[in-house]
Amino acid sequence: MKNAHFRFGWLTYVKSTERAVTNIRLRLDRFIGEVLPNPPRQAKAHFTSVLGGDTQIAAVAAAISMGECFMVEGPGVEPTRVCLERNAHCYKGSVQIAGRKRPLRHLIGISEEFAGGVSSATDRTLLADSGALFVWASLAESHGIPGIPEWAEWFLGQLEKHKALVPLVGIGCNPVLVKGNKEQFLAWLSDGLWGGDIHFPAGSGPVHLPSFELRQVFSPAAN
Amino acid sequence: MLNGVLGEGEERHIAHWRSVKFTDHWEEEEEDGARILHDRERFSHELTLVFANADTQILTHEKKDSS
């Protein structure tokens with residue numbers, strides 16, 4: 001695992017008024033964003049996690065609630081203008097650091113779409129990790145698709161084959177956007193079974209797809 | 001409710017249950033021309049099946065899809 005200053009990015013918030021310019025720069029430990037085709041270097045943020053002092057965190061939380069934009073940069077991420085857009089959710093916490101009098105403040109911002117899970121209207125599913133088992137288990141759970149863990153690698157291959165897997169910009173994670181709906185996914189499963197690419201298990205009984213904790217999805221070692 | 005592999009022969013299938021929110025929408029028109037829009041939300045179960053013969057089915061309380 002790399003040291004934090006190699007892994008973390010920066011979130012910069014600049015607010016200009018007639019009287020003053022406020023410039024806040026916070027450490028960004030996790031980020032998920034979707035680059036917009038036009039204009040370039042602009043993205044819709046889906047998840048931001050920043051650390052800082054009381055005032056800085058309060059200012060950024062207020063900016064998120066007002067739908068304002070930020071600049072984000074980090075390892076492998078060029079400076080990009082991002083916005084969480086309307087109805088973003090904010091969660092605040094404190095991190096007590098040994099040797100510091102005051103705790104660090106922690107702020108998580110989540111876009112309305114990411115917080116809401118699957119959007120049936122747009123057939124989009126945002127996922128925080130691109131691992132085969134995580135993608136398969138997440139889609140099976142959210143769409144209600146029957147299957148077994150052994151089909152995970154095959155299903156990921158189907159997503160790639162049908163160009164339904166779009167990598168997102170990530171800091172501290174490997175997020176993806178999955179395009180498609182339940183009917184499509186079931187049709188692929190049907191084709192896979194018909195063609196012999198996937199097989200039913202020999203025995204009967206309950207199927208348990210794995211569940212993932214946040215620490216697994218956002219583990220620095222996974223990057 | 002059991003998510004798992006069930007049945008024998010042609011009936012062998014994998015089942016997956018989930019809760020789904022259904023929204024009923026209807027409109028009423030009053031004598032004075034006013035329109036009343038109704039939205040009723042409720043939760044119900046949805047059962048999705050994949051059969052060993054490659055058939056799939058989505059079963060709910062109100063419709064039956066098969067492919």
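Chain letters run A, B, ... following the sequence lines, proteins first, then strands; residues in each count from 1.
Salt bridge A:R124/A:E113: present, at least one basic N to carboxylate O contact under 4.0 Å.
Interface residues of residues 24-31 of chain B toward chain A, defined by a heavy-atom distance below 4.5 Å: none.
Between chain B and the options A:G147, A:G203, A:G195, A:G192, heavy-atom pairs under 4.5 Å are most frequent for A:G203.
A:I145 touches chain B through its backbone: at least one of N, CA, C or O sits under 4.5 Å from a heavy atom, while the side chain does not. Of the two parts of B:A52, the backbone and the side chain both hold a non-hydrogen atom closer than 4.5 Å to a non-hydrogen atom of chain A. Interface residue B:L49: only backbone heavy atoms are found under 4.5 Å from chain A.
Remark: B:E41 engages B:K21 in a salt bridge (charged side-chain N to carboxylate O under 4.0 Å, His left out) (not counting sequence neighbours).
Under the ring pair (Phe, Tyr, Trp, His ring centres under 6.0 Å) rule, A:H162 has a single partner from A:W188, A:F155, A:F185, which is A:W188.
In this structure the side chain of A:F70 never reaches within 4.5 angstrom of the side chain of A:R81, judged on heavy atoms.
A donor and an acceptor atom, one from each side chain of B:T48 and B:H16, are nowhere located under 3.5 Å apart. Between the side chains of A:S49 and A:D29, at least one donor N or O sits under 3.5 Å from an acceptor N or O. Donor-acceptor pairing under 3.5 Å is lacking for the side chains of A:T48 and A:R30.
Between the side chain of A:W151 and the main chain of A:W136, no donor-acceptor pair closer than 3.5 Å is present.
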